[in-house]
Novice: 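Provided herewith is a single structure, encoded as structure tokens, for subsequent inquiry.
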Protein chains: 2
Amino acid sequence: MAQDASRRQPTLDEVAELAGVSRSVASRALNNAPHVSRVKREAVERAVQRLGYVPNPTARALATRQTGAAALVIAGEDPSIFADPFFAQVIVGASAALEEADLHLMLCLAASDRGRKRVEELLRSKGADGVMLMALREGDPLARTAQEAEIPVVFGGRPVGPAPRWYVDVDNVGGARGATEHLLCLGRTRVAVICGRLDTEAGRARYRGYRDAMLAAGLDPFPPREGDFTEPSGAAAMTALLAEHPGVEGVFAANDNMAAGALRALREAGRSVPADVAVIGFDDLAIARIADPPLTTVHQPIAALGLEMARMLVALVGGQDPTPLILPTRLVTRASA
Amino acid sequence: MAQDASRRQPTLDEVAELAGVSRSVASRALNNAPHVSRVKREAVERAVQRLGYVPNPTARALATRQTGAAALVIAGEDPSIFADPFFAQVIVGASAALEEADLHLMLCLAASDRGRKRVEELLRSKGADGVMLMALREGDPLARTAQEAEIPVVFGGRPVGPAPRWYVDVDNVGGARGATEHLLCLGRTRVAVICGRLDTEAGRARYRGYRDAMLAAGLDPFPPREGDFTEPSGAAAMTALLAEHPGVEGVFAANDNMAAGALRALREAGRSVPADVAVIGFDDLAIARIADPPLTTVHQPIAALGLEMARMLVALVGGQDPTPLILPTRLVTRASA
DNA sequence: GAGAGATCTGGAAGCGCTTCCAGTCGGGGA
DNA sequence: TCCCCGACTGGAAGCGCTTCCAGATCTCTC
């Protein structure tokens, strides 16, 4: 039954009164805790129905010292980073896991100064039961702040530097190595790389994977040619690459966006893919399938990344001590290589 | 100064004590409310510094009856809808506006049953100060629940049916009409449409815009050929279209994803774009620029949509009564038409 | 020099819920 | 028959902050 809109929301006291029990019993009945007789439990149940009672989450939070929310913080230097469809998938995964634990998802875009301030305050004031932190760049002070905060923190992708206590990451090195090896197996030897931001661990790790594979094959790795994980930066890098090394036969790009950019640059330069130049990306986002030609790429389980981060956080909040996780990647071969 | 990690967080009482004032004064000083002498204000300030005090948001929320958070609810039937980069941009905009008002963003993917239940509970328990609601399909019960809840609700895109009291939308009809007219101006007369889900207002409105333009030009509009706003559905629709109407010269797709799919289907069918068939999309997402050929499309201000929704919500929470908003669209011509 | 304000101050009453704890009530075993 | 134990119960003390209100203090002005 809907309540009279003008009236205040009913409180637990009113429920208890209507049910003819004490507030304690009503509370226990509501949380179906023990020590409530069947009779009273049902009386409370009825009163709740009659009154249309819904517990006040804030009051509950204050009493239990649990906010019922987990925050997902996207660092990075400007908010447009969030436009990367990568994060949407992380959110889908995280959301599913949090839903299971009945936690709400608080999303914090910590790009602006103001945004960062708010995240710091969130950490210090324990405005959430736990925090997931992603897209940190090297030297980002948030990494320290977060680890010093007395609140569970899970990193999504390791930050540059010493690994934090709890994180979920994907096997960037292995994925990049596999991609490069695939290019080499195709018989290409002049295999170049368009790497991502080298102030992120993902950018570095993927370059390491490329370099490892080249060295293992007895080839000289190209020096890092840095993009910023966006399509235009990939196109620009490819164009520059062609100018310097016209004979390039294969390219490993550190993500699909940049690979798509490379594809565009190659098309504009009149090179055919994969005949002249084979291209491999990383991520396996929608764009890889849509690209022309469809992109061979390193698939990483992005939603699973979010899911596992959230699960780890839930475990942490529950007082457990989970171990870091590294998720596997696998090569998905399509037409571009 | 960081506090001894073992100790509880300092409370306002401790601040007050250290500053030698009452809790009321300390509270007022903190919120820089009036009625606090300069001396005491500074004493409180010092005590806060010394203790590393941070107010407890939950307690504050309980006392003020304001949660300090706004929820963004993405309805839709399965969580994958969120993979559409559209939402990421909405979030960027909304986040900026909420940041200004110092509200946190709670993101609710209300696709699963569990998710919907939680949103309903959020609404009924006033777990947030306000709610933004998007991606509703026809007959979605959430629309009613939300409007009945005694909590500010702003709709992002009108739902099918009577317009709610507060919403922000874009000019779907006008945008679609403009796109279709552009196709007609190009001298194409056999202009078909791939429309979006017709159980959404956006899907319907864009079809209406197309139809209006065709009728105004004295042409027979094609009957609605429905996709679901995804790339594959666009490709499938295009393929079917070609089979039925091999002479088609132009296609208006209700969003960029489907337009990209159409492009792919046309390429696979050996038709050249725009020479044989001109294609126009809607949204102006990244994919439009990346597509081959780059997509002529109806630009809609997505981040602004999010921004305005959040602003409207903030106004509503602040006790004002803002008026609904319809944002303009404009045609962006690229190579595909 | 006194009274009227204006400005401060701190006590106390909440906000709505959880949870400890002391006490009640039956019932089964000795 | 009596005692002890386990299952219930409700009173009361918080959780940490805001805010009303009555009273104290301090300026001015006449």
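Each chain gets a letter, A, B and so on, in the order the sequences are listed, and its residues count up from 1.
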Novice: Using atom names, set out every protein N or O paired with an N or O of nucleotides 22-27 of chain D below 3.5 Å, distance rounded to 0.1 Å.
Specialist:
none

Novice: Please output the side-chain donor-acceptor pairs of residues 51-60 of chain A that fall under 3.5 Å, not counting sequence neighbours, one pair per line with the distance.
Specialist:
unit_1, atom_1, unit_2, atom_2, d
A:Asn56, OD1, A:Thr58, N, 2.7
A:Asn56, OD1, A:Ala59, N, 3.0
A:Arg60, NH1, A:Asn31, OD1, 2.8

Novice: Can you tell me how far apart CZ (A:Phe155) and CZ (A:Arg165) are? Round to the nearest 0.5 Å.
Specialist: 12.5 Å
Novice: May I have the list of side-chain donor-acceptor pairs in residues 126-137 of chain B shorter than 3.5 Å, sequence neighbours left out?
Specialist:
unit_1, atom_1, unit_2, atom_2, d
B:Asp129, OD1, B:Thr67, N, 2.6
B:Asp129, OD1, B:Thr67, OG1, 2.8
B:Asp129, OD2, B:Thr67, N, 3.4
B:Asp129, OD2, B:Gly68, N, 2.9
B:Arg137, NH1, B:Glu77, OE1, 3.3

Novice: Going by salt bridge (Lys or Arg N to Asp or Glu O under 4.0 Å), name the residues that satisfy it together with B:Arg144, two or more places apart in sequence or in a different chain.
Specialist: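 Here the qualifying residues are B:Glu148.
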Novice: Looking at B:Gln147, I want to see if its CD is surrounded by more than 12 non-hydrogen atoms of other residues, nucleotides or ligands under 6.0 Å.
Specialist: yes
Novice: Distance under 4.0 Å to a non-hydrogen atom of chain A counts as contact; along DNA chain C, which nucleotides mark the start and end?
Specialist: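 Taking any atom under 4.0 Å from a heavy atom of chain A, the span is C:dG16 to C:dC20.
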Novice: As an exercise, state the distance from CE of B:Met312 to OG1 of B:Thr323, rounded to the nearest 0.5 Å.
Specialist: 6.0 Å
Novice: Mind checking what makes side-chain contact (heavy atoms from CB on, under 4.5 Å) contact with B:Ser22, not counting sequence neighbours?
Specialist: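 Residues passing side-chain contact (heavy atoms from CB on, under 4.5 Å) with B:Ser22: B:Ser24, B:Val25.
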Novice: Which atom pairs, donor and acceptor, lie under 3.5 Å between side-chain atoms of residues 110-122 of chain B and protein residues at least two apart or in another chain?
Specialist:
unit_1, atom_1, unit_2, atom_2, d
B:Ser112, OG, A:Glu99, OE1, 3.4
B:Ser112, OG, A:Glu99, OE2, 2.6
B:Ser112, OG, B:Gly115, N, 2.9
B:Arg114, NH2, A:Glu99, O, 3.3
B:Arg114, NH2, A:Glu100, O, 3.4
B:Arg116, NH1, B:Ala110, O, 2.8
B:Arg116, NH2, B:Asp140, OD1, 2.3
B:Arg116, NH2, B:Asp140, OD2, 2.5
B:Arg118, NE, A:Asp102, OD1, 3.2
B:Arg118, NH1, A:Leu103, O, 3.2
B:Arg118, NH2, A:Leu103, O, 2.5

Novice: Mind checking side-chain contact (heavy atoms from CB on, under 4.5 Å) for B:Ala315 and listing every partner two or more places apart, or none if nothing turns up?
Specialist: B:Gln320, B:Pro322
Novice: Does any pair with a residue in residues 21-41 of chain B pass salt bridge (Lys or Arg N to Asp or Glu O under 4.0 Å), and if so which ones, sequence neighbours excluded?
Specialist: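 Qualifying pairs: B:Asp13-B:Arg23, B:Arg38-B:Glu42.
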Novice: Looking at DNA chain D, which of residues 21-40 of chain B put a heavy atom within less than 4.0 Å of it?
Specialist: B:Arg23, B:Ser24, B:Ser27, B:Arg28, B:Asn31
Novice: Using rotation axes that map the C1' atoms of four end pairs onto the next four (five pairs an end), what angle separates the end axes of the helix from C:dG1-D:dC30 to C:dA30-D:dT1, to 10°?
Specialist: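 About 50° separates the two local helix axes.
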Novice: Return the 5'-most residue of the pair B:Gly20, A:Ala63 with respect to DNA chain C, ranking by each residue's nearest nucleotide.
Specialist: B:Gly20
Novice: Taking the side chain as every heavy atom from C-beta outward, state whether A:Leu72 and A:Phe87 have any atom pair closer than 4.5 Å.
Specialist: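 Contact flag for A:Leu72/A:Phe87 side chains = no.
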Novice: Under the rule for side-chain contact (heavy atoms from CB on, under 4.5 Å), what residues qualify as partners of B:Leu327, not counting sequence neighbours?
Specialist: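 B:Val168, B:Val170, B:Pro301, B:Ala304, B:Leu305, B:Glu308, B:Leu325.
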